[in-house]
Amino acid sequence: MIYKYSGNSGIQLPVLSLGLWHNFGNDDNFDVARHMVLRAFDAGICHFDLANNYGPPPGSAEENFGRILREDLAAHRDEMFISSKAGHDMWAGVYGTGSSRKNIIASCDQSLRRCGIDYFDIFYSHRYDGVTPVEETMEALIQLVRQGKALYVGISKYPPEQQAEAYRILREAHVPCLLSQYRHSLFDRKAQRNNFQTAVDNGSGIICFSPLAQGLLTGKYNKGIPADSRAARSTGFLQPQQVTAERVEAARRLEAIARQRGQSLAQMALAWVLSDSRVTSCIIGTSSVAQLDNNLDALTNCTFSSDELAAIDRIVSDPVLSF
């Protein structure tokens with residue numbers, strides 16, 4: 001495993017982190033989830049990324065991770081970097097969503113109980129809700145650090161203006177933003193254009209999610225939507241209408257470049273995300289140990305020639321591909 005320092009901090013993270021957004025809820029196979037977590041840890045992935053609403057049902061990914069931690073990894077807690085987030089819909093009523101101090105604090109307390117731990121290594125504001133003042137949300141994160149419920153704090157998916165404001169408030173409180181989390185892939189480069197440099201300029205690390213565009217950059221949809229795929233699930237975040245002919249054709253063309261590099265399309269897509277020196281870590285989501293191992297092999301070749309980058313850019317520059 002390769003490790004990088006996160007922003008202006010002493011924290012090192014693996015360049016590949018394991019996300020529990022999908023495949024770790026109660027609707028999934030617990031034994032498969034357990035084996036993926038243990039394999040990831042054995043491979044040097046010490047960062048595990050959660051959120052209070054991960055499942056389904058919401059909260060169950062944290063509960064299942066807590067069980068794995070308790071039954072298999074309890075002796076290794078100090079070797080692990082565990083994160084969670086709050087801000088999306090979680091429980092009924094007006095206080096179960098959004099970026100208010102009430103939601104952030106209550107969510108963190110609930111998440112700690114579900115995971116069975118005393119503190120998170122990092123706790124995020126999962127989104128800017130468009131209503132709550134950024135100052136209120138950041139003060140809640142600062143409070144979590146002061147109370148010892150989180151060692152570090154981060155932001156996720158914040159628009160540029162609110163992103164910069166969050167950094168300022170946290171910096172002035174001497175609780176700097178450790179990580180900024182954004183969706184980033186060959187099919188979605190908005191954050192690379194709009195958010196990355198602001199993060200770097202403010203000493204924040206960058207961690208990317210959905211690097212495989214919910215599976216579109218694996219090649220699995222090149223011949224249609226498989227019955228067991230994410231797009232076929234009623235609860236999936238990838239909808240069938242997003243599997244467009246243009247994206248499938250782009251994936252086929254990218255796969256040809258990957259083959260020339262001796263990689264699968266998924267491996268090349270991960271390597272491309274990591275080739276941006278500003279990126280600290282990339283969150284992978286896997287459904288099997290075999291898929292996890294395939295992703296790990298991306299680290300054997302993370303460099304690109306100028307010709308390869310130009311060829312890739314010609315393919316992915318079409319605006320119709322972007323999410």
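Note that the structure is a prediction, hence the values are computed from the model and not measured.
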Query - Heavy-atom side-chain contact between Y124 and D49 under 4.5 Å - result: yes
Requested in this report: Mind telling me whether Y152 and F81 have parallel, tilted or perpendicular rings, with 30° and 60° as the class edges?
Outcome: tilted
Query - Ion pair R189/D276, N-O distance below 4.0 Å - result: no
Report summary line: Taken to the nearest 0.5 Å, the spacing of C177 SG from N8 CG works out to 11.5 Å
Query raised in the report: Taking it one step at a time, do E308 and Q260 satisfy side chain to side chain contact (heavy atoms under 4.5 Å, CB included)?
Result: CA-CA 10 Å; E308 286 174 330; Q260 294 173 357; 5.9 Å; no
Query raised in the report: Ignoring hydrogens and geometry, is there a side-chain-to-backbone donor-acceptor pair from R261 to T303 under 3.5 Å?
Result: yes
Query raised in the report: Same cluster for L38 and I45 if Ile/Leu/Val/Met/Phe/Trp/Tyr side chains link at under 4.5 Å?
Result: yes
Query raised in the report: When I82 is tested against each of L151, L69, I122 for side chain to side chain contact (heavy atoms under 4.5 Å, CB included), which residue passes?
Result: L69
**Report entry** salt bridge (charged side-chain N to carboxylate O under 4.0 Å, His left out) between E255 and R252, worked out
**Finding:** CA-CA 5 Å; E255 193 167 41; R252 291 196 185 104; over 6 Å; no
Requested in this report: Return yes if some donor-acceptor pair links the side-chain N/O of S99 with the main-chain N/O of R127 below 3.5 Å, else return no.
Outcome: yes
Query raised in the report: Given the rule in the ring-ring contact (aromatic ring centres under 6.0 Å, His included) test, do F209 and Y182 qualify, once you have shown the distances and angles that lead to the verdict?
Result: CA-CA 6 Å; F209 69 93; Y182 285 96; 8.3 Å; no
Query raised in the report: Regarding S210 and S185, is there a side-chain donor-to-acceptor distance under 3.5 Å anywhere?
Result: no
Query raised in the report: Do other residues, nucleotides or ligands put more than 12 heavy atoms under 6.0 Å from the CD atom of E136?
Result: yes
Query raised in the report: If only atom types and distance count, is the side chain of S275 paired as donor or acceptor with the main-chain N or O of W272 below 3.5 Å?
Result: yes
**Report entry** Side-chain donor/acceptor of S107 to backbone N/O of N103, under 3.5 Å
**Finding:** yes
Query raised in the report: So, do Q181 and I283 sit near enough that their side-chain heavy atoms are less than 4.5 Å apart?
Result: yes
Query raised in the report: Are any side-chain N or O atoms of N23 and backbone N or O atoms of T286, one a donor and one an acceptor, separated by less than 3.5 Å?
Result: yes
Query raised in the report: H126 vs Y54 aromatic rings, parallel, tilted or perpendicular, using cut-offs 30° and 60°?
Result: perpendicular
Requested in this report: Answer whether the closest heavy-atom distance between the side chains of F123 and S83 falls below 4.5 Å.
Outcome: no
Query raised in the report: Taking C-beta and beyond as the side chain, do N295 and L270 meet within less than 4.5 Å on heavy atoms?
Result: yes
Report task. For L13 and Y3, run side chain to side chain contact (heavy atoms under 4.5 Å, CB included): C-alpha distance rounded to whole Å, both residues' side-chain angles, the deciding distance at 0.1 Å, then the answer. Result -> CA-CA 5 Å; L13 295 178; Y3 300 88; over 6 Å; no
Report task. Using a 4.5 Å cut-off on heavy atoms from C-beta on, say whether the side chain of V37 contacts that of L73. Result -> yes
Query - Donor-acceptor pair between N26 and N64 side chains, under 3.5 angstrom - result: yes
Report task. State, yes or no, whether a side-chain contact exists between I169 and T137 at a heavy-atom distance under 4.5 Å. Result -> no
Query raised in the report: Ignoring hydrogens and geometry, is there a side-chain-to-backbone donor-acceptor pair from S322 to P319 under 3.5 Å?
Result: no
Report task. For the pair T280 and Y5, evaluate side chain to side chain donor-acceptor pair (under 3.5 Å) and give the outcome as yes or no after the intermediate values. Result -> CA-CA 7 Å; T280 307; Y5 283 101; over 6 Å; no
Query raised in the report: Hey, is the main chain of G25 close enough, under 3.5 Å, to the side chain of D28 for a donor-acceptor pair?
Result: yes
Query raised in the report: Are M90 and I105 connected in a single hydrophobic cluster, I mean Ile/Leu/Val/Met/Phe/Trp/Tyr linked by side-chain heavy atoms less than 4.5 Å apart?
Result: no
Requested in this report: Tell me whether Y95 is reachable from L112 by hopping between hydrophobic residues (I, L, V, M, F, W, Y) whose side-chain heavy atoms are closer than 4.5 Å.
Outcome: no
Report task. Ignoring hydrogens and angles, tell me if any N or O in the side chain of Q267 forms a donor-acceptor pair with the backbone of S264 under 3.5 Å. Result -> yes
Query raised in the report: Side chain of Q263, backbone of N301: donor and acceptor closer than 3.5 Å?
Result: yes
Report task. Check whether more than 12 heavy atoms from other residues, nucleotides or ligands sit under 6.0 Å from atom CD of Q197, and answer yes or no. Result -> yes
Query - D201 bridged to R278 by N-O distance under 4.0 Å - result: no
Requested in this report: Give the C-alpha distance, both sets of side-chain angles, the deciding distance and a yes or no for salt bridge (charged side-chain N to carboxylate O under 4.0 Å, His left out) between E63 and R67.
Outcome: CA-CA 6 Å; E63 291 172 349; R67 177 181 169 187; over 6 Å; no
Query raised in the report: Counting N and O atoms only, with roles assigned by atom type, does the side chain of Q291 sit under 3.5 Å from a partner on the main chain of S287, one being a donor and the other an acceptor?
Result: yes
Report task. State, without any angle test, whether E62 and N52 hold a side-chain donor-acceptor pair at a distance under 3.5 Å. Result -> no
Query raised in the report: Any cation-pi pair here, R34 with F65, using under 6.0 Å and within 45°?
Result: no
Query raised in the report: Side-chain donor-acceptor pair under 3.5 Å between Y167 and S180, yes or no?
Result: yes
Requested in this report: State the OG-CZ distance between S84 and F48, to the nearest 0.5 angstrom.
Outcome: 14.5 Å
Query raised in the report: How far apart are the closest heavy atoms of G55 and S60, and which atoms are they?
Result: CA-OG, 3.4 Å
Query raised in the report: Is it true that D118 and K149 make a salt bridge, defined as a side-chain N closer than 4.0 Å to a carboxylate O?
Result: no
Query raised in the report: Below 4.5 Å, heavy atoms only, C-beta onward: do F196 and C208 meet side chain to side chain?
Result: yes
Query raised in the report: Got L296 and M1 here, is their nearest side-chain heavy-atom distance under 4.5 Å?
Result: yes
Query raised in the report: Going through the distances and angles, do K190 and D188 end up as a salt bridge (charged side-chain N to carboxylate O under 4.0 Å, His left out)?
Result: CA-CA 6 Å; K190 292 189 294 294; D188 190 347; 2.9 Å; yes
Report task. Would you please test T218 and L265 for side chain to side chain contact (heavy atoms under 4.5 Å, CB included) and show each step? Result -> CA-CA 5 Å; T218 64; L265 174 56; 5.9 Å; no
Query raised in the report: Under a single-linkage definition using a 4.5 Å side-chain heavy-atom cutoff for Ile, Leu, Val, Met, Phe, Trp and Tyr, are Y119 and L179 assigned to the same hydrophobic cluster?
Result: yes
